2 protein chains.
Amino acid sequence: MARVKTVDRGTVIAPSEGRGDVRRSVGLREVAQAAGVSTATVSRAINNPDVVSADLRERIAVAVEQLGWVPDGAARALSTRRSQTIGAVFPALSIGDFAHATQAIQSELSQAGYTLLLACSEYDPDLELRQVRKFVERGVDGLILVGQAHHPELVPLLRRRDMPFVNTFVYDSQTHGTCVGPDNRKALMMMTDHLADLGHVRFGVIAQSTRNNDRASARLDGVRDALASRGLAVRPQHFAMGEWSIADGRRLLRSLWQTDPKPTAIICGNAHLAVGAVLEALAMGLRLPADLSIVGYDDIEIMSHLPVPVTTVRVPGAEIGRIAAQVLTARLEGRDCAVSFEAEAELVIRASSGPPPLD
Amino acid sequence: MARVKTVDRGTVIAPSEGRGDVRRSVGLREVAQAAGVSTATVSRAINNPDVVSADLRERIAVAVEQLGWVPDGAARALSTRRSQTIGAVFPALSIGDFAHATQAIQSELSQAGYTLLLACSEYDPDLELRQVRKFVERGVDGLILVGQAHHPELVPLLRRRDMPFVNTFVYDSQTHGTCVGPDNRKALMMMTDHLADLGHVRFGVIAQSTRNNDRASARLDGVRDALASRGLAVRPQHFAMGEWSIADGRRLLRSLWQTDPKPTAIICGNAHLAVGAVLEALAMGLRLPADLSIVGYDDIEIMSHLPVPVTTVRVPGAEIGRIAAQVLTARLEGRDCAVSFEAEAELVIRASSGPPPLD
DNA sequence: TTGTAGGCGTTATCAG
DNA sequence: CTGATAACGCCTACAA
């Protein structure tokens, strides 16, 4: 099959010139020509400078500067089969510590030479799957997810292309090496024990939906298990469900307070609910913790500044993000690295929790 | 932190196996072969289905499914010179409304078929420039930035490659079509007028640094100008500078309250400072607004829930993000679109502001 | 140390 | 409507 080889570009450019712009953007070729070297040398000067003589390196640097050349990531990615890109899918950014975690991930990745692609799943496994699939098409080198419970097709999809990923904000010893975070269940057992040790017996719970949220489920399990081991349980009427807003916290605290008997301690499933509950309790004239103990999960800044500082579980969101990024980049670069990580959830005891009223 | 060695998880990778893999990853070619058509047809079936006969379309769909083919974004980007990717550089994510805005941008872009690349500048123009440059190398189709004041090389860099971009959270009539946001100066003039109309004369200011932050500067200008037009001014000792924390707000409120004469109204440059100032004032036993008026900027959820709800300026962060994304994608697709947009900053008057004490 | 040349996986032009 | 094939811009053996 006699095929004419690629004609030297630039020799003849048809005036019609289809999609190519008139002023061809400068590329490696132009730089090479300007510096009087081959494209290979320019490429090396960029990616592996020490292997190029100082002389040429300098000439090339000048040419790059003059022409204002910027390497083309797509071409590089196509050639190396690496995009230097990591995708992260978070449920949302304005909830709990996710913003901090995202920031930490970005910063860490940036330092390691990676770029962060970000998407939100809105707690919808289907959407999460779609976002992940899009990331795969975009050619990300790895993924950071939240939680362990994903769409059934998600992990297979990743495994098939052996795409590295790490689940964050969860930890359980079952799943080796794929998660970075606190043991949500243990954290809430700890919190529940704290309250039970103070003498509480009637517990209320204000939690976000556990639908598509294994962290939330695990937290509830923690409360249940800790209570069960003492022969206690949360009465149905002392269980209230909201989402992630202060308004929900207020509303639900008010409704729990209308039960009889009332709980003496209320455990909130997230920081927003806890803040709302505390503010509503104060607005209702309750004395915390004399009349009621209220505790939360996640130590956002406001927690320690409310008129009654709130007892909570501190989860190091930024650190989790940082470590997730490190684990991932290490794995990508074949470096040895801790692949299993349990973040220490710390009980932060403040004024909102204390012994139950005597009555 | 429990460090565990990498455990081989199932996937055995032959030691030889370089990138010239035995099982070449499936590509357009393999799909074409399996479907008995040309690669061109497969490509068309994907990107322009209506131009392919239903028959072939079906056969191709089957082949794609069977082989589990996923198109390669890098190759596509290289070929089309479009990455379907937008870069956003925010100062931070955990400040003010940036998380909401980012989420809105992501959602909007996703719907339009774009992916979001995210980076943080930490209020450092050099870092911002570096992040932008990296995004340009990554081949983003457009950029979303915050503010108008950038590194001097930034805009030229973008102009040279005529890369579309939009500045967010700012608006001024000078710069046509490149910004989406509120007029920060006007917003604080409005706020200042509100207080002055109530009869305040001695104003205090608790603000974040204006260094590398044109929004913060504009806000201070607004306060100054509004006061100046009434022959008023902030006394030096009534001016305190912090950053974005509740703790700063508390500290600075306390220090302002030690001056003599004291201000009767304190304007805070951001929501975090305002929340801190209000909480500290309450902790000090001050009655708001009887003893002191305190106002903020940005209407984050907590503002309306504090024991004394806080008067503030509501900036529609999510909407700004959404519009920025729309403007950008419209421009990229040659669609006609409003290119200049001023977001309405709304004065939200709550209980923390009122007439000055009589004394 | 440097150059030559053959991909990387898609798209798009052009001819059937 | 379909097929063949030249780019897209860079990387990287392999050769010199």
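Nothing here was measured: the structure is a model prediction, and the numbers come from that model. Each chain gets a letter, A, B and so on, in the order its sequence line appears, and its residues count up from 1.
- The salt bridge (charged side-chain N to carboxylate O under 4.0 Å, His left out) test applied to Asp55(B) returns Arg59(B), not counting sequence neighbours.
- For the pair Leu28(B) CG and dT5(D) C1', the interatomic distance rounds to 14 Å; values are reported in whole Å.
- A heavy-atom distance below 4.0 Å to DNA chain D is reached by these residues of residues 52-64 of chain B, ordered by number: Val52(B), Ser53(B), Leu56(B).
- The bend of the helix from dT1(C)-dA16(D) to dG16(C)-dC1(D), defined by the angle between the axes of its first five and last five pairs, stands at 30° to the nearest 10°.
- Side-chain atoms of Val166(B) and Leu145(B), non-hydrogen and from C-beta on, never get closer than 4.5 Å to each other.
- Distance, Leu78(B) CG to dG7(C) P: 17 Å, rounded to whole Å.
- When each of Ala75(B) and Gly36(B) is assigned the nucleotide of DNA chain D with its nearest heavy atom, Gly36(B) is the one assigned upstream, toward the 5' end.
- Remark: of the listed residues Val155(B), Asp162(B), Leu154(B), Leu154(B) is the sole one forming a side chain to side chain contact (heavy atoms under 4.5 Å, CB included) with Leu158(B).
- Here the side chains of Val180(A) and Asn167(A) are not in contact, with every heavy-atom distance at 4.5 Å or above.
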Contacts under 3.5 Å, N or O only, protein and nucleotides 14-16 of chain D:
none

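- Considering every non-hydrogen atom in both Leu157(A) and Leu129(A), the closest pair reads CD2-CD1, 4.4 Å.
- Contacts of Phe135(B) classified as ring pair (Phe, Tyr, Trp, His ring centres under 6.0 Å), with partners at least two apart in sequence or in another chain: none.
- For the pair Arg81(B) and dT10(C), the criterion of a side-chain N or O lying under 4.0 Å from OP1 or OP2 is not met.
- Crowding of Glu137(B) atom CD: a count of heavy atoms from other residues, nucleotides or ligands under 6.0 Å exceeding 12.
- The nearest pair of heavy atoms linking Ala325(A) to Leu109(A) is CB-CD2, 3.9 Å.
- Following rounding to the nearest Å, Gln84(B) (CD) and dT10(C) (P) show an atom-to-atom distance of 16 Å.
- For Asp72(B) and dC8(D), the CG to C1' distance is 13 Å, given to the nearest whole Å.
- Using a 4.0 Å cut-off, no side-chain N or O of Ser79(B) falls inside it from OP1 or OP2 of dC8(D).
- Side-chain N/O atoms of Thr80(B) include none lying less than 4.0 angstrom from OP1 or OP2 on dT11(C).
- The CZ-P distance, from Arg29(A) to dA7(D), rounds to 10 Å in whole Å.
- The shortest side-chain heavy-atom distance between Lys134(A) and Ser110(B) falls under the 4.5 Å cut-off.
- Phosphate contact (OP1/OP2 of dC11(D), side-chain N/O of Arg76(A), threshold under 4.0 Å): present.
- Residue Asn47(B) places none of its side-chain N or O atoms closer than 4.0 Å to OP1 or OP2 of dT10(C).
- Near-neighbour residues of DNA chain D inside residues 133-141 of chain B, defined by a heavy atom below 4.0 Å, are absent.
- For the residue pair Arg29(A) / Thr39(A), no side-chain donor-acceptor distance below 3.5 Å is found, with atom types taken as modelled.
- Among the heavy atoms of the strands lying under 4.0 Å from Val37(A) are primed sugar atoms or P, OP1, OP2 only; no base atom is included.
- Of the side-chain N and O atoms in Thr41(A), one or more sit less than 4.0 angstrom from OP1 or OP2 of dG3(C).
- Contact annotation: the side chain of Leu143(A) never approaches that of Ile86(A) to less than 4.5 Å [non-hydrogen atoms, C-beta and beyond].
- Scanning all heavy atoms of the two residues, the minimum distance from Pro49(B) to Arg57(B) falls at O-NE, 3.4 Å.
- Between Asp141(B) and Arg81(B), no side-chain nitrogen of the basic residue sits less than 4.0 Å from a carboxylate oxygen of the acidic one, so the salt-bridge criterion is not met.
- Between the CD1 atom of Ile46(A) and the P atom of dT12(D) there is a distance of 13 Å, given to the nearest Å.
- Distance CG (Asn48(B)) to P (dT11(C)): 11 Å, rounded to an integer number of Å.
- Salt bridge annotation for Asp50(A)-Arg44(A): absent, with no cationic side-chain nitrogen under 4.0 angstrom from a carboxylate oxygen.
- The side chain of Ser43(A) contributes no N or O atom lying less than 4.0 Å from OP1 or OP2 of dC10(D).
- Arg335(B) CZ: more than 12 foreign heavy atoms inside a 6.0 Å radius.
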